[in-house]
Amino acid sequence: TLRRVADRAGGLLDSTLAALDRAGAEAADAAALLEAASRALDLDPARLERLEERLFALRAAARKHACKADDLPRVAEEFAIRLAAIDDGGAEVGRLQEAATAARKRYSDAAGGLSAARSKAAERLQKAVTKELTPLKLGTAKFVVDVAALSEAEWSAAGIDRVRFLVATIPGTPPGPLARIASGGELSRFMLALKVALAAEGSAPTLVFDEVDRGVGGATAAAVGERLARLSAKLQVLVVTHSPQVAARGAHHWRIAKSLGDAGNGKAKGNRGGAVSVVELDPGNRREEIARMLAGASVTDQARAAAASLLQGNAK
């Protein structure tokens with residue numbers, strides 16, 4: 001419209017028209033820039049909604065798997081590995097079965113060899129212990145080393161057998177567990193026979209026998225003493241004894257005595273008070289103590305002579 005009247009305006013509108021042309025060009029440039037910015041920002045409302053839904057889904061998955069949203073890729077990788085294992089499950093089960101079969105064969109071979117060795121050793125030990133029983137006044141007793149097969153469910157690192165020491169102290173009765181069948185004195189003598197038979201093998205460095213000679217005397221007590229002396233050549237042996245034949249076999253001798261205290265005066269019935277003394281005996285006192293063990297309360301010259309004979313005979 002301005003251009004139609006510009007000719008009649010005598011140049012008065014030229015500056016205005018030039019300014020309008022420049023403004024139009026700037027507006028076109030601005031529109032082009034705005035379009036480019038719109039495309040770069042992608043202000044599509046539908047896309048924004050899709051992004052929000054994705055974000056909610058990721059957060060829900062993170063809560064489900066008890067992890068952070070940033071850790072979901074790691075969880076997805078673990079699931080992929082597990083899924084691959086499931087897909088390959090048949091082959092993996094086959095490999096495991098082969099490994100189990102091979103391991104069972106190795107165990108069976110090793111356990112079978114151990115079982116055979118045990119059976120041979122059991123036979124030798126049974127004969128060796130039986131040989132020691134007669135001198136220990138257990139000649140009518142029976143000693144059995146029982147090697148019994150276990151059920152497969154009971155197999156362990158110790159093998160496929162259960163090893164037990166069985167004894168019968170009364171002729172004609174079936175053997176039973178050593179600890180249940182033997183009395184205190186019998187148990188001590190069975191253990192002595194075992195230790196003598198096993199003296200060449202590894203053992204504890206010190207053995208303690210409490211009245212291993214209980215219920216025996218004379219030649220039997222002497223046999224017990226002889227076997228204890230034989231055992232002491234390889235191990236330290238401590239023996240509590242009331243037998244002069246056994247005491248005379250020792251390399252060292254201590255006298256153990258208990259004073260009854262007030263209980264001996266009858267002031268407190270059942271009182272366990274008192275003291276125990278332990279005295280090491282020199283050769284002279286040792287002979288006197290063994291004489292007392294032989295004679296009782298009144299030591300005679302004959303008892304001293306017998307004690308000296310015992311000590312001299314055992315010193316040879």
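Side chains are part of it too, since the values below use all heavy atoms of this structure and drop only hydrogens, waters and symmetry mates.
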Test item: Ser309 side-chain N/O and Ala305 main-chain N/O as donor-acceptor pair under 3.5 Å: no
Ignoring hydrogens and geometry, is there a side-chain-to-backbone donor-acceptor pair from Thr173 to Ala168 under 3.5 Å? no
Checking Tyr107 side chain against Ser156 main chain: does a donor-acceptor pair fall under 3.5 Å? yes
Under a single-linkage rule joining Ile, Leu, Val, Met, Phe, Trp and Tyr whose side-chain heavy atoms are separated by less than 4.5 Å, which residues share a cluster with Phe79? Val75
Can you tell me how far apart CG (Leu34) and CG (Asp29) are? Round to the nearest 0.5 Å. 12.5 Å
I need the minimum non-hydrogen distance between Pro244 and Ile290, along with the two atoms involved. CB-CG2, 3.9 Å
The side-chain contact (heavy atoms from CB on, under 4.5 Å) partner of Glu123 among Lys120, Gln126, Lys127 is Lys127
Under 3.5 Å, side chain of Gln236 to main-chain N/O of Pro205, donor-acceptor pair present? no
Is it the case that the side chain of Arg249 and the backbone of Arg227 share a donor-acceptor pair, with hydrogens and angles ignored and the cut-off at 3.5 Å? no
For the side chain of Asp282 and the backbone of Gly284, is there at least one donor-acceptor N/O pair under 3.5 Å apart? yes
In short, Leu228 meets Val239 closest at the heavy-atom pair CD1-CG2, 3.8 Å
Indicate yes or no: at least one non-hydrogen side-chain atom of Leu194 is less than 4.5 angstrom from one of Phe165. yes
Do you know which two heavy atoms are closest between Ala122 and Val145, and how far apart they sit? CB-CG1, 3.4 Å
Distance, nearest 0.5 Å, that separates CZ of Arg287 from NE2 of His253: 14.0 Å
Ser119 (side chain) donor-acceptor with Ser115 (main chain) under 3.5 angstrom: yes
Does atom CD of Glu52 have more than 12 heavy-atom neighbours from other groups under 6.0 Å away? yes
Rounded to the nearest 0.5 angstrom, the CD1-CD distance for Ile160 and Glu152 is 10.0 Å
Spacing of CG belonging to Leu166 relative to CG belonging to Leu178, to within rounding of 0.5 Å: 8.5 Å
